[in-house]
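By convention in this document, chain letters (A, B, ...) are assigned in the order of the sequence lines, proteins followed by strands, and residues within each chain are numbered from 1. Computed from a predicted model, the values in this text were never measured in an experiment. Only this structure's heavy atoms are used, side chains among them; waters, hydrogens and symmetry mates stay out.
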Amino acid sequence: MPDIIETDKLYKSYSVGNREVPVLKGISITVRNGEFVAIMGPSGCGKSSLLYLLGGLDAPTAGSVFFDQSNINKMNDKSKSVMRRRNMGFVFQFYNLVQNLTVVENILLPITMDGKKKKDYEQTLDNILEIVGLTERKNFTPRELSGGQQQRVAIARALIASPKLILADEPIGNLDSQSGTEIMELFRKINQEKGITIVQVTHSQEAAAYSNRIIHMRDGMIEKDSAEDFAAIENLKK
Amino acid sequence: MTSIIKHILRNIVEKKLRTIIVILTILLATAIIFIGISLNKIINDTYQTMVQGAYGNSNIVITKDSDDNSPFYASSDLDTKSLEMQSQNDMVMTTGKSHMDGKSVKVSLIGMNYERALQMALIAPIKSENNFTLDRNSAIISQKAATDYGLDIGDSVKVAVDEQSYHFKVGAISETNGIYYSEIDQLLLVTAPEQVNEMYGTENQFTSTLLRVPDERVDQTIDELASDNKDFSIQKSDTMNSNDRDEETFEIAMMAAIIIIVLISAYVILSLSKIIVSERMPIVGTFRSIGTSKRMMNGLLGMEFLVYGMIGTVLGIAISFALLQPIADVFNEYKEFGLETVVSYSPVYVGIAVAFGMFFPVCVGMIHIVSMNRKPLKEIILNTTQTAQKRSKMSSFLGLVLLIGAFILYYINTMDQLLYGALSVLFFIISLILLVPALLNLVAKGLSKLFERSTNGEMLLGIKNIGNNKIVSNNCSMMIIVLILLMIVGTTTKGLNDYISDAIKKDYDIGINNLNEDPSFYTDVKQVDGVSDYRLDYIDIAKFHPKGDMEQFSVLGIEDFEAFDKHTSGITFIDDAKSEIESYPDGILIDAYQAKRYTVGIGDTIQLQKVDTKDKNINKEDLNVVVAGFIDSYGNGPGRTTALLNLNYFKDHFAGTYNQIGVKVQPGYNVESVKKELSELLMDSDAIVTTFDEKLASQKATIDTLISGITLIILMGMIIGLLGITNNLIVSFLQRKKEYAVLYSVCMSRGQVVKMQLYEMMTTFIAVAVIGFIGGLFMNIVLGKLLYAIELRVELSFNFALYGILCGIIFVILTLSSFATVRKVLKMNMLKELRYE
């Protein structure tokens, strides 16, 4: 399987007063197409920072991020936004929906901003609404939805442009356990049926259990990567 | 408590621009309220000072009864023996003319006893000859006269009285007060009574007496004097002259300006308080989560507004104290004649302004404070601010009800009553405030429909935002409301200006007023070189009182209606009115507008009450007159309160208090020169000669003064409104950072976010311009009735110039603030807004 994401000695630090605080220290990982990756670690270990670097929302202090073999850091802002619209989907802990738009309008945002006609995506929209179970609520605004429903809208928005990759930052962090389970089931379904690569940052063991690869981070470095264990097992099998 | 106050002060200092805007708004509103409510009393007091001052500290004025042929009497003719008097001053007066700086000047000579005049504060010498006494051929002049004519102690003034010339030496110069308050457009000389008697060929005769008695005995003294002196007219000195101020119009205009300022201030503070309260949400969440009650939180947040109120009020009162004198001077039309403005600082008015300034921001702020504290605690703690515009159906419904109510009041207000007119305007403004969100949504939907085939995502989102984004919607609302409120004043001002410039018809070139005799007596007028024709106008005032309403009419007595019609373009006759009235000896022609207003038809009998110059009824019985026809008197006065009677009937029932002679000047003759000759001809009488243009200029000056004052106040309102709008636009960026970050993270580049902002700006401008225009047009309609109610029956037209200027200003503000936010978007740290850590 080709690599969809590759990072090469990724460093990131933030300025706090006069000090530079390193958050990522030379992260080199690859994510293959179709993987369902969970990045775990204690608070402040840099997992969310890594996620945002992978999505091109932030720029590294040093190192490179390749998405589908293209170096994100060499892209201008416009190219990055095109990449995010067409090839990626973002799901956040607090949903980050546009409050004054309806469910349908929120979902179609990537399409609208890509200059495409909504008519061409009517079928896709209907399918996605069915997948996330929000057909009957398509004209509601986020205020009128529960947390779980809002997260489904966020997932639907992430799916509408048939992306290659979904990046999720604590997707069930703000949900009750039942809603959380439903969301994770949805992610699994998307990953398995559509083959979309998913990288999630999570504190939850239950959420991590849905993924087929777990990366543990500590103090800005990879502590453990289950892909290496898996590779070792595969090698042993051979 | 200390920590709470520290917290509040820190909040206030943190957001300097916003704090300045809130305090400035409160400051201006407080200052305008204090100045606005004080002005009327100050102007009244000032004019009262003038009126009273002309009689010094006397409280009773005695003259010969007007029925008596001779105005003269000896001091002994007056029976004052039984009275407890503090002082008495007998005066004798005559008029003459002099030449000063090559110009003819009317001169009033008043003979009185010097010591008594001093005692009665009629004169106050500031400069005099050594051992000055008021003898023959010496005179006291005012400081103003000394300055105007370059006179000093020892100078000689030559005065012609009848055919004789007299030389007076200036022996003293007095302050321009007391008796000199009546020195308007003339030179007033105080001299020895013997000399004035000599001019008349009399001895020890007087024409008026001023008395000073203890204040508590004035009424009793008047009664006693009246019963002992039947040939005399005895009055209180403070009722001698009424000033011609249109007090009601002034008060209403001031009140309207104050209300508009209060509305704009309320809107600005409401808008800013929304921002302040939403920023306090995390703090409120923290406090509430540790157990602070809603009530305590309301109080805590309210305190911040109280602090704003205190600071703004103190500054506002300080500034209004400093500005009250110069502003009152602007409204003092007699300042140039030396009348000093009597400024007083009423504790009651200060109290009202302070109470308003302190508690108004708290009351307005509480709306959002209470609303926020009602939200679920989780929402407050997590500060999940809703940016979706909540269009309350109730608000829209109420707005619609008020809008309908405004027009119902308009239609039922057939009598142009003030209460209905004012309510109609108020309902309209409130309905607009309530309906603007729904109207914006309509505009957004309309534009979305228009561009629905477009694939320009930034434009489509920008258009949607004006309808359903709370922050964008608020900005639009503020701009629309400020635009409409300022259009109210602009439209009224234009109406008045247009009336003065276009509607008033010039039926004569020179007017001669204040006639002592019947106008027909002045046959010499025709002999003056340059006079081509003249007409005699018999004019008085009466009140018309149908249906309990009392409107004051100018009543004209006409001998020849055909000739009158030929020479008068300010009044036109409708249908056969001219011929009809000749068949009714007691017939009257009234303005068609008044007939419609009071549902009076031809043949109906109406009642007139004769009133004097002080608006008091002269006779107990009304005059019954028959409506013979209608006229259009718009060109004769904006109130449409002119009525025409047959001259015989007029002379039988009216004194002709306002009779005048209207003179036409021959082509080729200079009007000023003819005026000068007429003035010289009538120098010996009390007649006042003015050109039509001077009279119009004087009317215009009065209106201009009022309009200047209101315009100044409204400019301040515009500043408040524009500051509020600017702050809103800048702060709205801060509130929408999260929204921009979300859009950036899922679908937009920074450039696209900027484009969306620009489309929002354009759509905002279109919405403001369209809704503002439609609102302004409707406002024109309802405003008309309000103005009619205060007798400003001018034709209103939409003030396109002002509308254009205001739209231009709004466009500039929108553009400038857009440039500011564009830069911020390009530099914004998107990630910071996305993360909750």
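Heavy-atom contacts from other residues, nucleotides or ligands closer than 6.0 Å to CE of B:Met297 number more than 12. Counted within 6.0 Å of CD on B:Glu452, heavy atoms from surrounding residues, nucleotides or ligands total more than 12; the atom is thus considered enclosed. For A:Glu20, the CD atom counts as densely surrounded, since its 6.0 Å shell holds more than 12 non-hydrogen atoms of other residues, nucleotides or ligands. Environment of NZ in B:Lys755: sparse, with no more than 12 heavy atoms of neighbouring residues, nucleotides or ligands closer than 6.0 Å. For B:Lys824, the NZ atom is loosely surrounded, since the number of other residues' heavy atoms within 6.0 Å does not exceed 12. Within 6.0 Å of the NZ atom in A:Lys25, the count of heavy atoms belonging to other residues, nucleotides or ligands exceeds 12. Counting non-hydrogen atoms of neighbouring residues, nucleotides and ligands closer than 6.0 angstrom, the CZ atom of B:Phe819 reaches no more than 12 such neighbours.
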Next item on the list: Check the pair B:Val746, A:Met113 against side-chain contact (heavy atoms from CB on, under 4.5 Å), reporting the backbone distance first and the verdict last.
Entry: CA-CA 10 Å; B:Val746 300; A:Met113 292 308 153; over 6 Å; no
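The distance from atom CG of B:Leu460 to atom OG1 of A:Thr112, rounded to the nearest 0.5 Å, is 7.5 Å. Between A:Asn100 atom CG and B:Leu461 atom CG the span is 7.5 Å, to the nearest 0.5 Å.
Interface summary for chain A: among B:Gly457, B:Ser454, B:Ser745, B:Ala741, the most heavy-atom pairs under 4.5 angstrom belong to B:Ser745. With chain B as the partner, the residue from A:Lys117, A:Arg157, A:Lys116 showing the most heavy-atom pairs under 4.5 Å is A:Arg157.
For chain A, no part of B:Met830 is nearby; none of its heavy atoms comes within less than 4.5 Å. Looking at A:Arg86, there are no atoms closer than 4.5 Å to chain B (heavy atoms on both sides), in backbone or side chain. Only the side chain of A:Lys118 comes within less than 4.5 Å of a heavy atom of chain B; its backbone N, CA, C and O stay farther away. For a residue to count as touching a neighbouring chain, one of its non-hydrogen atoms must lie under 4.5 Å from one of that chain's; by this rule A:Thr102 does not touch chain B.
By the 4.5 Å heavy-atom criterion applied to side chains, B:Lys464 and A:Leu101 are counted as neighbours. Contact annotation: the side chain of B:Met748 never approaches that of A:Leu109 to less than 4.5 Å [non-hydrogen atoms, C-beta and beyond]. When side chains are defined from C-beta on, B:Val742 does not count as touching A:Phe94, because their heavy atoms never get closer than 4.5 Å.
For A:Lys78 against B:Ser749, the heavy-atom pair with the smallest separation is CA-CB, 4.0 Å. Taking every heavy atom of both residues into account, B:Cys747 and A:Pro110 meet most closely at CB-CA, 3.7 Å.
When the heavy atoms of residues 163-172 of chain A are compared with those of chain B, none of the residues falls under 4.5 Å.
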